[in-house]
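Notes follow once the structure below has been shown.
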Amino acid sequence: MDGKRWRRSVVVALIVLGFISSFVSHAAFTPADNYLIACGSPHNVTFLGQTYIPDSIQPSVSFKSQLGNSFSATSNSSTPLAVHHSARIFTSTTSYRFDIKQQGRHWVRLHLYPLPRHNLTSASFTVVTEDFVLLHNFSFSSNNGSYLFKEYAVNVTANSLSVTFIPGNGSVAFINAIEVVSVPDFLIPDQAVSVSPTGHFNGISLLALETVYRLNMGGPLVTAQNDTLGRTWENDIVYLHVNSSAENVSVDPMNIKYMNNVSPEIAPNYVYATAENMGEANVVNGNFNMTWVFPVDPSFLYFIRVHFCDIVSKSLNSLIFNVYINTDIALGSLDLSNQAGILDVPVYWDFVARASADSNTLTVSVGPDTTTDDSNAILNGLEIMKLSNDARSLGGLSSVDALLVLPPKKQKTAIIIGCATGAFGVLLFIGLCYFCVVARRSKDAPPGIPWLPLPLYSLTVTKMSTTSQKSGTASGISLASANLGRFFTFQEIMDATNKFDESLLLGVGGFGRVYKGTVEDGTRVAVKRGNPRSEQGLAEFRTEIEMLSKLRHRHLVSLIGYCDERSEMILVYEYMANGPLRSHLYGTELPPLPWKQRLEICIGAARGLHYLHTGAAQSIIHRDVKTTNILLDENFVAKVADFGLSKTGPSLDQTHVSTAVKGSFGYLDPEYFRRQQLTEKSDVYSFGVVLMEVLCTRPALNPVLPREQVNIAEWAMMWQKKAMLDQIMDKNLVGKVNPASLKKFGETAEKCLAEHGVDRPSMGDVLWNLEYALQLEETSSALLEPDDNSTNHIPGIPLTPFDNSVSMIDGGAHSATDDDGEDAATSAVFSQLVNPRGR
Ligand SMILES: *[C@@H]1O[C@H](CO)[C@@H](O)[C@H](O)[C@H]1NC(C)=O
Ligand SMILES: *[C@@H]1O[C@H](CO)[C@@H](O)[C@H](O)[C@H]1NC(C)=O
Ligand SMILES: *[C@@H]1O[C@H](CO)[C@@H](O)[C@H](O)[C@H]1NC(C)=O
């Protein structure tokens with residue numbers, strides 16, 4: 001019936017507009033299952049052009065429990081929507097059972113409106129399918145809004161689907177209208193890119209999704225009638241961060257050219273034909289992002305789909321921008337015209353992320369890429385869907401089994417729920433649950449934010465709380481007992497940085513900003529100013545202080561001092577003249593580094609990490625090893641920086657450190673990601689990624705590349721296994737590398753990238769192997785080019801592997817000689833350049 005409607009509209013489009021072939025084949029999707037049920041209604045209901053059939057007469061829908069447990073209610077008074085005229089009210093647990101013709105994803109849509117005269121506003125109930133908890137202890141009295149629309153996507157793998165209503169203690173449950181409609185299999189993939197922690201997120205096909213936001217950027221409300229899958233797309237304006245100024249753009253929807261694997265089922269052309277765009281007037285310095293802020297439940301992961309269509313450019317390759325999720329870069333240097341080679345072609349990308357640390361919001365931003373002159377960025381559409389948790393629930397920690405075991409309305413109920421939750425809590429604790437910490441914290445949080453009725457309310461509240469409540473927390477750190485080197489007054493810091501002059505800005509990270517500075521004796525320094533509002537930054541800050549105050553090594557950055565006046569959290573480091581390693585590999589105009597120098601840099605960084613892992617009483621895991629955290633001094637000596645995420649490693653009574661997964665895009669140990677077991681071998685994996693990056697001079701993760709090339713670890717391993725790494729290495733190195741040295745290097749990187757931590761070498765072994773690769777290179781260059789060593793040579797790096805001779809400063813044991821050493825090092829230069837694109 002509805003297939004007909006869609007086909008008819010396509011035919012009209014064809015005749016009227018002469019639209020071309022791809023549209024026809026795509027639009028042929030007809031849902032095999034298409035139930036639109038008007039619950040408790042005595043007659044058919046027409047809503048948004050579709051007919052909803054009464055539940056009492058729809059033949060393929062049946063009740064599992066006696067209909068005697070339910071009664072219908074109708075209202076003659078005006079209700080918000082036609083589907084709200086009637087309701088089915090349940091006094092005990094009751095299921096609708098739908099015959100399913102074709103297994104796979106289905107929309108399950110619930111329309112809820114508390115009709116007057118039945119106390120439905122105070123009713124509290126739970127809705128489940130066989131496998132998933134959709135709505136847990138929902139009640140209108142504890143949620144604002146006069147009605148509720150919920151949309152879920154569940155994968156049905158049986159010949160029927162039941163939707164069960166479980167009334168809360170002493171309550172009834174109710175439903176006004178319910179939809180169960182087939183979704184094309186390609187709509188929701190099994191895999192997406194995970195942002196922070198980074199990697200591939202697999203297994204979405206096993207999860208249930210709940211639509212929480214679906215936006216048509218810069219365009220009007222698109223209703224079910226204008227969407228081949230019956231979806232609703234809201235305008236984005238209420239989510240737009242106030243500081244951003246965005247401009248609407250639109251083109252004729254018929255200009256949109258669906259190509260490749262994007263069809264109107266992904267999103268209607270009305271969505272792609274409008275966008276928010278930065279507008280040239282707004283981006284004089286290319287200095288801000290367009291940001292949308294979404295209140296979300298921090299205990300859940302979210303599936304995020306960004307839709308783009310370049311409707312603004314006049315020519316190819318003229319719109320290049322970055323996409324961020326929270327502060328993490330999701331798509332870097334994105335050039336939409338590269339995807340299809342023409343403009344007006346829709347594309348989309350999928351990500352999985354959670355709320356940014358210590359907040360109840362998820363943000364999506366687009367902003368100009370600073371490496372290009374162009375200063376525009378666009379977004380056409382955005383979908384955010386909640387992913388079911390380990391209890392297979394979209395609200396709370398109870399599984400369907402735990403909820404259905406209960407005889408409702410008996411006193412035992414609460415106790416059983418308590419036990420079930422408690423037992424699950426134990427499982428969480430032993431590390432089975434990904435959401436360990438956050439989920440528990442949010443146990444008392446209200447259930448999911450209603451989707452359509454109340455976006456404004458939640459948004460306002462969240463914004464207020466993030467901007468006002470968190471200031472001043474910086475003073476919460478006690479620095480009294482730590483030995484942190486020299487104390488700087490705030491005035492001294494102001495003088496050193498010319499009052500935090502923006503032209504001295506070296507980088508911006510999750511915790512705040514880093515400036516170049518000069519202290520009164522002329523020493524150049526890097527000044528890291530913590531953002532007092534960022535609690536994540538605060539924790540990382542503290543870790544870094546604690547770590548750095550205990551560690552001194554030639555290949556670790558040195559802390560010169562700090563300032564904590566006026567609630568400021570400022571750290572002062574030695575300045576590293578040559579900045580991050582990454583900027584010498586790609587993305588800048590800097591000259592390519594010769595192979596030997598790259599080896600020496602890798603060896604230096606490996607030495608620093610080896611010291612972290614073995615030099616201290618308790619091993620320290622860096623957790624964020626990447627090319628932006630390896631800094632180079634004036635002599636290109638590598639030093640490992642940014643201990644913000646560091647953790648002490650396994651001690652005797654612990655087999656692993658279990659904690660929220662942290663790290664950076666593309667560098668994350670897959671085993672750590674899967675099992676949340678943090679060991680030194682996670683750093684070894686990240687270091688393997690660094691090695692590949694050094695050889696191939698491309699980012700660890702580049703989502704713009706074809707799928708098999710996105711992840712450097714996978715891509716380079718593929719070539720390494722064929723012993724053909726030379727095929728993808730930096731063109732500048734071709735013919736200039738001793739093959740034996742390259743082979744050794746490739747093997748070393750391969751071992752670091754082993755799937756399982758136990759198969760990876762220790763940092764000590766890595767160091768030894770890199771030294772060996774360097775020797776092979778030196779031997780060959782000594783034979784071939786006896787005079788060509790001077791430019792590459794870095795003085796002062798001894799070749800003996802285990803250089804622990806540099807002191808480790810433990811707590812207050814800061815000896816005079818160390819101070820002297822430090823002062824000498826201080827005259828050198830340093831920059832604590834945190835990844836300028838955030839982590
Ligand atoms: C209700 O709608 C169905 C399907 O469109 C149709 O077959 C049926 O005749 C309608 N019933 C009434 C009473 O209009
Ligand atoms: C649904 O689940 C089945 C069984 O796990 C799987 O084979 C199938 O690919 C899934 N379908 C979708 C669309 O995710
Ligand atoms: C845009 O947002 C990202 C992520 O928050 C941030 O790292 C970047 O510095 C921002 N860019 C500008 C120019 O503000």
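Basis for what follows: all heavy atoms, side chains included, without hydrogens, waters or symmetry-related copies. One-based numbering, in listed order, for ligands and for the atoms of each. Sequential numbering from 1 along the given sequence is applied to the chain's residues.
- In this structure, K386 is not positioned above the aromatic face of Y302 in the sense of NZ or CZ being under 6.0 Å from the six-membered ring centre and within 45° of the axis.
- Among N44, T46, V45, the residue whose heavy atom sits closest to atom 1 (C) of ligand 1 is N44.
- Between Y272 and H307, the ring-plane angle classifies as perpendicular under the 30° and 60° cut-offs.
- If you number the atoms of ligand 1 from 1 as listed, the ones under 4.0 Å from a heavy atom of I53 come out as 2 (O), 3 (C), 4 (C).
- Under 4.0 Å from ligand 2, the heavy atoms of L206 that appear belong solely to its side chain.
- Results of the side-chain contact (heavy atoms from CB on, under 4.5 Å) test with F294 over T363, L382, V212 single out L382 as the only residue that passes.
- Listed by number with element, the atoms of ligand 2 under 4.0 Å from a non-hydrogen atom of R105 are 13 (C).
- Within ligand 2, counting atoms from 1 as listed, the ones closer than 4.0 Å to a heavy atom of D185 are 13 (C).
- Rounded to the nearest 0.5 angstrom, E234 CD and L215 CG are separated by 6.0 Å.
- Taking every non-hydrogen atom of S205 and a distance limit under 4.0 Å, the qualifying atoms of ligand 2 come out as 10 (C), 14 (O).
- Proximity of atom 7 (O) of ligand 2 to the protein is not indicated, since no non-hydrogen protein atom lies closer than 4.0 angstrom.
- Looking from atom 4 (C) of ligand 2 to the surrounding protein, the closest heavy atom is T157 CG2, 3.9 Å.
- Between the NZ atom of K101 and the OG atom of S182 there is a distance of 8.0 Å, given to the nearest 0.5 Å.
- Taking the six-membered ring where the residue is Trp, F174 and F140 present parallel rings, their angle staying beneath 30° rather than reaching 60°.
- Atoms of ligand 1 found under 4.0 Å from any heavy atom of T51, numbered from 1 in the order shown, are 2 (O).
- Note that CD1 of I204 is 12.0 Å distant from CG of N155, once rounded to the nearest 0.5 Å.
- Nearest protein neighbour of atom 12 (C) of ligand 2, counting heavy atoms only, is N155 ND2, 3.5 Å.
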